[in-house]
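Whatever order the structure lists them in is the order used to number ligands and atoms, beginning at 1. The basis for the numbers below is simple: all heavy atoms, side chains too, and nothing from hydrogens, waters or symmetry mates.
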Amino acid sequence: MTTPKKLHIKTYGCQMNVYDSERMAEALSSEALGDAGYEMTDSPEEADLILLNTCHIREKAAEKVYSDLGRLKPLRDAKPDLKVGVAGCVAQAEGAEIMARQPLVDLVVGPQTYHRLPAMMARVNAGEKALDTDMPEEDKFDHLPKLRSAARPTAFLTVQEGCDKFCAFCVVPYTRGAEVSRPVDRLLAEARALVDRGVREITLLGQNVNAYHGVGPDGRTWSLADLIWALNDMDGLARIRFTTSHPNDMTDDLIAAHGDCAKLMPYLHLPVQSGSDRILKAMNRKHTAASYLDIIGRLRAVRPDLALSGDFIVGFPGETEEDFEATMQIVRDTGYAAAYSFRYSARPGTPAAEREDVPQDVAVARLHRLQALITAQQHATQDAMVGRETTVLFEKAGRKPGQLIGKSDYLQAVHAEAPDALLGQVARVRIITAKTNSLEGVLV
Ligand code: SAH
Ligand code: SF4
Ligand code: F3S
């Protein structure tokens, strides 16, 4: 018996990368590869292989990868056998350029070819460099081992990948490729396996998750709502969430599910990006501020307590003060429990990158105004929870002895005094105090 080699993975970007990192760890594990496999480590110093699973969405995210790679140099000097790989969206976007810019990189692998990692690592361990940024026809998930080791109460499940929408600012259609939905039977089998390992909450993932259109066991094309209803029938599963959605794919059946489907949680991340129709058109979003507000109205009609979150881009090329004011207005009109706002970042290869930027100081000032409004709404949402009851899925021990931490129906962190037996269980809690990022409750 040789001691297994160690693998450290650092994950950047969205939840799809979190999911992919787990799949990569499994593909390279001793369980899958025997003696050639790796055991996970949290410490880069201990690792024989370090993989950076990267994000290309904004300039800062991409540049962080290069500064982190630079910091691996001393580790490589101390351990010449250390192998370094770059996976994810920077790998897809920049390919061989990464190795040219940072020679210590041994491996570059795009998001659609993780199932080829074991073969690539065999070459790397033989002293070669390996690069694969194909977007093959075959479904990578069919070729990845299905081990799903961790038995945490919550799990991600990627149901759909890629995007055909081509918003003018966004790299995702280029880094993740065209929209592809996984077949229903595979997803239900994976969900069943998760629930059998103690998972109580599943978050369905996709860059455009509500565009899901997978082949059903009946040969029919299933919508995301169909899939959610099938999961609703699964014994042992308590909660269903999904992210990220596009307004144009908010179909009637999915809106209705928010009213009728008991396990579907009342929280929806629905990015609008801007409140100005002129800017939405320039962004190629293919919806208007009014059509977005109409969707919100219909959702709240069936689920009045629905909590909403969104994404906003500030300082998109051509954005005037009036356009920005329209963004502030759509935030006031919607009322968000949480929202994420970003200063526009020109990305190579996207249509908007050719256009003239809003001056940086103007964009920064607008971002601060928007963030102040969003923060105020977030405080109001938290404060409004005091005195209310919610269910909480307890996920881990709290900071104080006797305390457990979990998430409310509305995805808020909640801590409460509770017996350890409630770990991994859903319980009713009454909220007694609210802070910006957490709530305190008592068991009912
Ligand atoms: N598929 C999702 C998320 C895409 S990336 C969706 O369609 O909403 C997450 C967020 O990053 C986007 O919603 C957008 O607000 C932001 N984003 C994407 N490209 C950006 C860019 N070039 N500059 C600034 N923010 C960007
Ligand atoms: Fe990017 Fe737009 Fe696709 Fe979302 S819908 S991933 S913002 S191109
Ligand atoms: Fe980033 Fe790629 Fe996700 S660019 S946001 S890691 S899809």
Side-chain angles (χ1 to χ4, degrees), residues 10-21 24 52-65 86-94 110-112 114 133 156 158 160-180 205-212 242-250 268-275 279-280 282-287 292 308-317 319 327 331 336 338-355 357-358 360 363-364 366-367 370-371 374:
K10 178 165 181 187
T11 307
Y12 311 67
C14 64
Q15 290 106 324
M16 315 232 6
N17 267 8
V18 175
Y19 181 85
D20 285 345
S21 289
M24 284 193 272
L52 305 185
N53 192 12
T54 62
C55 174
H56 202 243
I57 202 81
R58 286 169 289 273
E59 192 180 352
K60 264 194 196 146
E63 282 308 311
K64 179 109 190 17
V65 173
V86 177
C89 292
V90 175
Q92 191 64 43
E94 299 187 357
Q112 302 311 339
Y114 295 148
T133 53
F156 292 135
T158 294
Q160 176 279 341
E161 272 210 273
C163 179
D164 296 336
K165 295 216 160 43
F166 291 91
C167 298
F169 50 80
C170 183
V171 292
V172 170
Y174 311 98
T175 62
R176 292 276 173 167
E179 230 172 86
V180 178
L205 295 182
Q207 267 91 18
N208 268 292
V209 71
N210 59 343
Y212 178 82
F242 62 92
T243 198
T244 291
S245 299
H246 191 287
N248 292 358
D249 296 310
M250 239 23 243
L268 178 65
H269 183 62
L270 194 62
V272 64
Q273 313 298 353
S274 168
I279 293 297
L280 287 170
M283 286 177 164
N284 192 32
R285 288 288 293 184
K286 300 197 173 86
H287 60 76
Y292 180 84
L308 282 155
S309 73
D311 290 341
F312 293 90
I313 294 179
V314 167
F316 187 77
E319 185 188 77
T327 296
V331 174
Y336 289 97
Y340 307 89
S341 50
F342 311 98
R343 184 154 68 83
Y344 168 71
S345 166
R347 306 306 292 130
T350 60
E354 311 292 315
R355 305 176 199 163
D357 278 356
V358 168
Q360 187 174 322
V364 169
R366 286 178 190 163
L367 184 65
L370 177 60
Q371 286 179 340
I374 289 168

Item to complete: With 2.8 Å as the limit, jot down which protein N, O or S atoms are around atom 2 (Fe) of ligand 2.
Response: Cys167 SG

Item to complete: Report yes if Asp311 has an N/O atom closer than 3.5 Å to an N/O atom of ligand 1; otherwise report no.
Response: yes

Discussion item. Does only the side chain of Phe169 get under 4.0 Å from ligand 1, or the backbone, or both, or neither? Count heavy atoms.
Written reply: both

Practice prompt. Could you see which bit of Ser345 sits under 4.0 Å from ligand 1, with heavy atoms only: side chain, backbone, both or neither?
Written response: both

Fill in: Top protein contact for atom 8 (O) of ligand 1, by heavy-atom distance
Pro271 CG, 3.2 Å

Worksheet entry | Numbered atoms and elements of ligand 1 in range of Arg343, under 4.0 angstrom, heavy atoms | 24 (C)

Worksheet item: Tell me, which protein residue and heavy-atom name are nearest atom 15 (O) of ligand 1, and how many Å apart are they?
Response: Gln273 OE1, 2.7 Å

Worksheet item: Looking at Gln207, which atoms of ligand 3 are within less than 4.0 Å of one of its heavy atoms?
Response: 7 (S)

Discussion item. So if I count the atoms of ligand 1 from 1 in the order they appear, which ones are less than 4.0 Å from some heavy atom of Arg347?
Written reply: 22 (N)

Item to complete: Around atom 3 (C) of ligand 1, find the nearest protein heavy atom and jot down its residue, atom name and distance.
Response: Thr244 CG2, 4.3 Å

Worksheet item: Is it the case that Ser345 and Glu59 place a side-chain donor and acceptor less than 3.5 Å from each other?
Response: no

Worksheet item: Any protein heavy atom sitting closer than 4.0 Å to atom 21 (C) of ligand 1?
Response: yes

Item to complete: Measure the distance from atom 5 (S) of ligand 1 to every protein heavy atom, then report the residue, atom name and distance (to 0.1 Å) of the closest one.
Response: Ile57 CD1, 3.4 Å

Discussion item. Starting from atom 17 (N) of ligand 1, what is the nearest protein heavy atom, named by residue and atom, and what distance separates them?
Written reply: Arg58 NH1, 3.5 Å

Worksheet, complete the sentence: Report for atom 1 (Fe) of ligand 3, protein N, O or S closer than 2.8 Å, by chain and number, lists Cys55 SG

Discussion item. What I want to know is whether Ser245 and ligand 1 share at least one N or O pair that is separated by under 3.5 angstrom.
Written reply: no

Discussion item. For Asn17, is there any backbone N or O sitting under 3.5 Å from a side-chain donor or acceptor partner on Asn53?
Written reply: yes

Discussion item. Any protein heavy atom at under 4.0 Å, with atom 4 (Fe) of ligand 2 as the reference point?
Written reply: no

Worksheet item: Between the main-chain N or O of Pro173 and the side-chain N or O of Asp164, is there a donor-acceptor pair closer than 3.5 Å?
Response: no

Worksheet entry | Gln207: numbered ligand 1 atoms lying under 4.0 Å from its heavy atoms | 1 (N), 2 (C)

